[in-house]
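The figures that follow rest on heavy atoms only: side chains count, while hydrogens, waters and symmetry mates do not. Start at 1 and go down the list; that is how both ligands and their atoms are numbered.
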Amino acid sequence: MMNKPKRLILKPGKEESLNRFHPWIFSGAIQKMENQPQEGDLVEVYNAEGRYMAVGHYQPDSIAVRILSFAPAVIDESFWTERIREACTFRMSIGLLNANSNVCRLVHGEGDNLPGLIIDLYGRTAVMQAHSAGMHHARKQIAVALQNVLRENIQSVYYKSENTLPFKAGLAAEDGFLTGEEAEKTAMENGLKFIIDLQKGQKTGFFIDQRDNRFLLESYSRNRTVLNLFCYTGGFSVYAMRGGAQLVHSVDSSSRAITIARSNMDMNFPDDTRHEAFAEDAFRFLANAGSTYDLIILDPPAFAKRRDVLRNALQGYRKLNATALAKIKRGGILFTFSCSQAVTRENFRLSVFSAAAQAGRRVRIIHQLSQPADHPVNIYHPEGEYLKGLVLHVE
Ligand code: SAH
């Protein structure tokens, strides 16, 4: 796999986005390829005049190349070590890992100049996810690089790519340990403990990206009745409890997630009867709910995974938010999110605006939320901004 990169020549003028450091090359920009690169191969990219532009991973797809370096570079263990060290140094410099928190995203794809690669850290376990065949091929080198950087601070690297890899090359990826054989079972975030559902859970086992927003929610929870829809393992609910909520109802259609949400609650607030969890459809639960909640959280899964289903997605957000806005108590607070990459911040705001008008409530935006610092957005790759949230005050 680590043989010499093949060469790829762009059509005239198609290097413009690379001059602006955009990390992808679309298939339409390619004039020709030498020695037919295979999925996951390294390719060197040249402009039509033969000038070197970049090196990256090839994929026979509309995103044909994911750029690893705009300067000539050998992609080997020391390359991965350097990149991972940069990513780690940044997280350390802003104090993300401390006495109260041992979980963070260590590598966020394009945001860390490593397109196709996600690495989350839970205590001394790293969970790696490849979204391209190239990163899949490099997984063992990357695991070594992680150890080069983290040394005794890491005891295992778990690979979890079965569901994230493109299948064209029949990669037959299997989830499992690349290093070590045991994973942390719980992690601590802002002093709260959470079970990490490594093997069967969503993403890498936990939604790290909502950390700052959960923390904000805590400060709005005092004496409120809280409904957490699409709660997964109850992240927002645990913070609401610490914030002094009167009661907290958690709803998710996954009974596995609900079982873990209950355990998370028992771990942090044993014998506290303020919390109840329901393994139910969130839309149905909301439709049947009375107007008894004064804080509602809507954090549904991505309604639009692709651009062509955008219209339906926006209607979905409008309907869901309209129902919540119609039901929330006077003076209530709504935390509402979209994690669809295809939905822009503006579009999301517009659907919530329509929802407010439809519900006929007076609504003010009091916070506009995003993804946290360990999920950085590469400024040359605005597509990387996926998490959008609004906190609304409803009269
Ligand atoms: N807020 C959570 C993450 C939510 S992810 C956190 O901070 O950890 C979205 C969740 O929506 C998933 O757990 C998924 O199981 C759930 N889900 C998807 N469709 C649903 C439906 N129709 N009703 C209820 N939950 C649903």
Side-chain angles (χ1 to χ4, degrees), residues 101 103-105 120 122 127 163-164 186-190 192-218 220-221 226-243 245 248-265 267-268 275-289 295-305 309 312-313 315-317 319-321 323-324 334-341 343 369-372 374-375 386-391:
S101 295
V103 28
C104 79
R105 174 152 293 189
D120 288 341
Y122 299 108
V127 186
N163 298 319
T164 58
T186 60
M188 173 124 75
E189 183 186 90
N190 289 318
L192 295 166
K193 278 171 88 181
F194 292 97
I195 292 166
I196 305 307
D197 191 13
L198 184 69
Q199 265 138 29
K200 298 213 173 122
Q202 303 213 24
K203 290 208 177 188
T204 60
F206 190 57
F207 284 78
I208 302 176
D209 57 358
Q210 289 285 26
R211 176 184 54 238
D212 293 356
N213 303 331
R214 291 192 275 256
F215 193 65
L216 178 69
L217 174 107
E218 181 177 352
Y220 279 95
S221 302
V226 177
L227 174 60
N228 182 7
L229 293 174
F230 310 94
C231 69
Y232 188 47
T233 51
F236 281 100
S237 304
V238 176
Y239 279 79
M241 292 286 280
R242 189 168 67 179
V248 179
H249 287 168
S250 304
V251 182
D252 199 284
S253 54
S254 153
S255 56
R256 184 180 175 89
I258 287 299
T259 303
I260 298 177
R262 290 189 182 119
S263 307
N264 280 336
M265 210 48 90
M267 248 188 331
N268 291 283
H275 179 251
E276 216 176 319
F278 305 85
E280 279 183 40
D281 179 79
F283 299 93
R284 196 167 336 129
F285 190 96
L286 183 61
N288 296 334
L295 204 176
I296 300 181
I297 301 134
L298 299 176
D299 187 20
F303 284 171
K305 289 236 161 73
V309 293
N312 286 348
Q315 281 195 10
Y317 288 118
K319 278 195 198 148
L320 177 64
N321 280 279
T323 314
L334 178 67
F335 274 65
T336 182
F337 296 96
S338 162
C339 60
S340 302
Q341 195 160 310
V343 173
L369 307 178
S370 184
Q371 59 213 59
D374 50 345
H375 295 59
Y386 69 99
L387 184 59
K388 301 151 290 279
L390 293 169
V391 183

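Without hydrogens or angle criteria, K388 side chain to V343 main chain gives a donor-acceptor distance under 3.5 Å.
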Identify all side-chain donor-acceptor contacts of residues 280-289 below 3.5 Å with residues at least two apart in sequence or on another chain.
| unit_1 | atom_1 | unit_2 | atom_2 | d |
| --- | --- | --- | --- | --- |
| D281 | OD2 | F283 | N | 3.1 |
| D281 | OD2 | R284 | N | 2.8 |
| N288 | ND2 | R284 | O | 3.4 |

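At least one heavy atom of R214 sits less than 4.0 Å from an atom of ligand 1. Using a 4.0 Å cutoff on heavy atoms, D281 counts as a contact of ligand 1. In this structure, C231 is part of the shell of residues with a heavy atom less than 4.0 angstrom from ligand 1.
Taking atom 4 (C) of ligand 1 as the reference point, the nearest protein heavy-atom neighbour is F230 O, 3.2 Å. The protein heavy-atom contact nearest to atom 10 (C) of ligand 1 is D252 OD2, 3.4 Å. Nearest protein heavy-atom neighbour of atom 18 (C) of ligand 1: P301 CG, 3.5 Å.
One side chain, S338 or Y317, offers a donor N or O that lies under 3.5 Å from an acceptor on the other. Between T336 and N321, the side chains place a donor N or O and an acceptor N or O closer than 3.5 Å (distance only, hydrogens not considered).
If you number the atoms of ligand 1 from 1 as listed, the ones under 4.0 Å from a heavy atom of A282 come out as 21 (C), 23 (N), 24 (C). Under a 4.0 Å criterion applied to the non-hydrogen atoms of Y232, ligand 1 contributes the atoms 2 (C), 3 (C), 4 (C), 8 (O), 13 (O). Near D299, the atoms of ligand 1 lying under 4.0 angstrom from a non-hydrogen atom of the residue are 1 (N), 2 (C), 3 (C), 4 (C), 9 (C). Residue F236 has at least one heavy-atom neighbour below 4.0 Å for each of these atoms of ligand 1: 1 (N), 7 (O).
No more than 12 heavy atoms of other residues, nucleotides or ligands shown are found within 6.0 angstrom of CZ on F215. For K319, the NZ atom sits in a loose shell: 12 or fewer heavy atoms of surrounding residues, nucleotides or ligands are nearer than 6.0 Å.
At a 4.0 Å heavy-atom cut-off, ligand 1 touches F283 through the side chain alone. Here S253 has heavy atoms under 4.0 Å from ligand 1 in both its backbone and its side chain.
Summarising the contacts of atom 8 (O) of ligand 1 with F337, F335, F194, F207, the nearest heavy atom is found in F207.
Using cut-offs of 30° and 60° for the angle between ring planes, the Y386 and H375 rings count as tilted.
For T186, the side chain to side chain contact (heavy atoms under 4.5 Å, CB included) test picks out K193, I195, M267, with sequence neighbours left out.
Taking OH of Y232 as the start and CG of D197 as the end, the distance is 5.0 Å to the nearest 0.5 Å.
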